[in-house]
Amino acid sequence: MENTKDSQGLVWEVFVQKKPGQPYVHCGNVHAHDAEMALQNARDVYTRRNEGNALWVLPSSEIVASSPEDLGSFFEPANDKIYRHPTFYQLPESISHM
Amino acid sequence: MDATALAANFENKLAKNENIEPKDWMPDNYRKHLIRQISQHAHSEVVGMLPEGNWITRAPSLRRKMVLLAKVQDEGGHGLYLYSAAETLGISREELLHQLLSGKAKYSSIFNYPTLSWADMGAIGWLVDGAAIMNQVMLQRTSYGPYARAMVRICKEESFHQRQGYEIMSVLAAGSPEQKAMAQDALNRFWWPTLMMFGPSDANSANSENAIKWKIKRESNDQLRQRFVNQTIPQAELIGLTIPDAQLKWNEAKQGYDFGEPDWEEFNQVIHGNGPCNKERLGARLKAHDDGKWVREAAAAYASKRKLVAA
């Protein structure tokens, strides 16, 4: 059996924008040897049905992610500041929209 | 966290129906099970392009040809989504492909049957994709996040696959006597292999127990098979085709059909390499891989040359 393990290229993460003005959303990844090929592959794999008209691709190795173990402490500052939410404040009843 | 706490955390997530994500701790056997299942699924999509690709140049009209091309392209895309999901478990695309090409990995036994007539395109879309969808709808709720998300995409795209197949069958069934016979023949040949796609009966399925325990699968092989039969019989009746099963009978008590047992000896033979087309399918994949070698080499060379120029 010959070795079939030749290079499949780098992994690139793909983000697609559905409509102008909307955020780019991660949709998956592709293999490619360079950025141009990554864009073309992303178009073929992730936008066959008008899923979007704009794409970002970047090498997966460039993504920095938080770890699941950090879940508690890393995001903890968001938990105890309920005054950041509008529902924290009491308004006179006569004011219905603010 | 120590090992016991990690394991408890994993079990806790499963109990709450939370997804397991790539960076989460998971038992080795869960990881292994997923790599095997997801890569088999990916290989099935890729090898599944071959029986249908066989008919692209001979599709009976431009419409049918465009549809078949789009469908086969989708199957390739589905293979890629699934390889991506498998890669998040720490195995490379190179290794996954090597397992397929060296004959080490399995793929769905259905693709080792030949596609002898145009009606087989109808039977595959209607029955084979129909059975696959039954399984994949369930897998949208599988416990491993990347696999579940790939399934959501795939299910959305598959819905036209089954419809186009059923359309082919219904047009043939309403055509000349020869065309109707062609459709019936395709149904006769693909019915039993399609029922085998759900895997062995629960009692004899080696991998089912863990898959259910880990919520990789949410329903058993037999449950899915029964649902597929219940759904398909009225569709066959509607277009005047006959399911090739003498034991088929409506069972009022269970509100479902009783049906015959597939030939599991045949299933085992096909799984173990002795189906009608096993060698041909693998041969075609190997040839495609070899023929594409220079493209991969050229792309890699071009990328590194441009990097040098940029530096």
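Quantities reported herein were computed from a predicted structural model and do not represent experimental measurements. Numbers restart at 1 for each chain; the letters A, B, ... are given by sequence-line order, proteins then strands.
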[X] atom [atom1], neighbour heavy-atom count above 12 within 6.0 Å:
X	atom1	result
A:Asn53	CG	no
A:Phe74	CZ	no
A:Lys19	NZ	no
B:Asn17	CG	yes
B:Lys215	NZ	yes
B:Lys13	NZ	yes
B:Leu308	CG	yes

**Report entry** Heavy-atom side-chain contact between B:Asp74 and A:Arg49 under 4.5 Å
**Finding:** yes

Requested in this report: Please examine the side chains of A:Gln8 and B:Glu87, heavy atoms only from C-beta on, and report whether any two atoms are closer than 4.5 Å.
Outcome: no

Query - Heavy-atom pair count under 4.5 Å with chain A, highest-scoring of B:Gln73, B:Glu21, B:Lys307, B:His78 - result: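 When all of B:Gln73, B:Glu21, B:Lys307, B:His78 are compared, B:Gln73 has the most.
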
**Report entry** Options B:Arg153, B:Glu95, B:Glu297, ranked by heavy-atom pairs under 4.5 Å with chain A, top entry
**Finding:**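 Between B:Arg153, B:Glu95, B:Glu297, the count favours B:Arg153.
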
Query raised in the report: To the nearest 0.5 Å, what is the distance between CZ (B:Arg296) and NE2 (A:His31)?
Result: 12.5 Å

**Report entry** Gap separating the SG atom of A:Cys27 from the CZ atom of B:Arg149, nearest 0.5 angstrom
**Finding:**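 The CZ atom of B:Arg149 is 12.0 Å from SG of A:Cys27, to the nearest 0.5 Å.
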
Report summary line: Turns out that what part of B:Tyr83 lies under 4.5 Å from chain A's heavy atoms comes down to neither

Requested in this report: Tell me, for A:Ala35 versus chain B, whether the close heavy atoms (under 4.5 Å) come from the side chain, the backbone, both or neither.
Outcome: neither

Query raised in the report: So which heavy atom on B:Ala299 is nearest to which on A:His33, and how close?
Result: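 Answer, listing the atom of B:Ala299 first, then A:His33: CB-CD2, 3.5 Å.
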
Query - Heavy-atom pair of closest approach, residues B:Tyr81 and A:Arg48 - result: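 Nearest pair, atom of B:Tyr81 first, then A:Arg48: OH-NH2, 3.7 Å.
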
Report task. Against chain B, work out which of A:Leu10, A:Val30, A:Asn29 has the most heavy-atom pairs shorter than 4.5 Å and name it. Result ->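 Among the listed options, the one with the most contacts to chain B is A:Asn29.
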
Query raised in the report: Taking it one step at a time, do A:Glu51 and B:Lys156 satisfy salt bridge (charged side-chain N to carboxylate O under 4.0 Å, His left out)?
Result: CA-CA 12 Å; A:Glu51 286 91 342; B:Lys156 217 153 88 185; over 6 Å; no

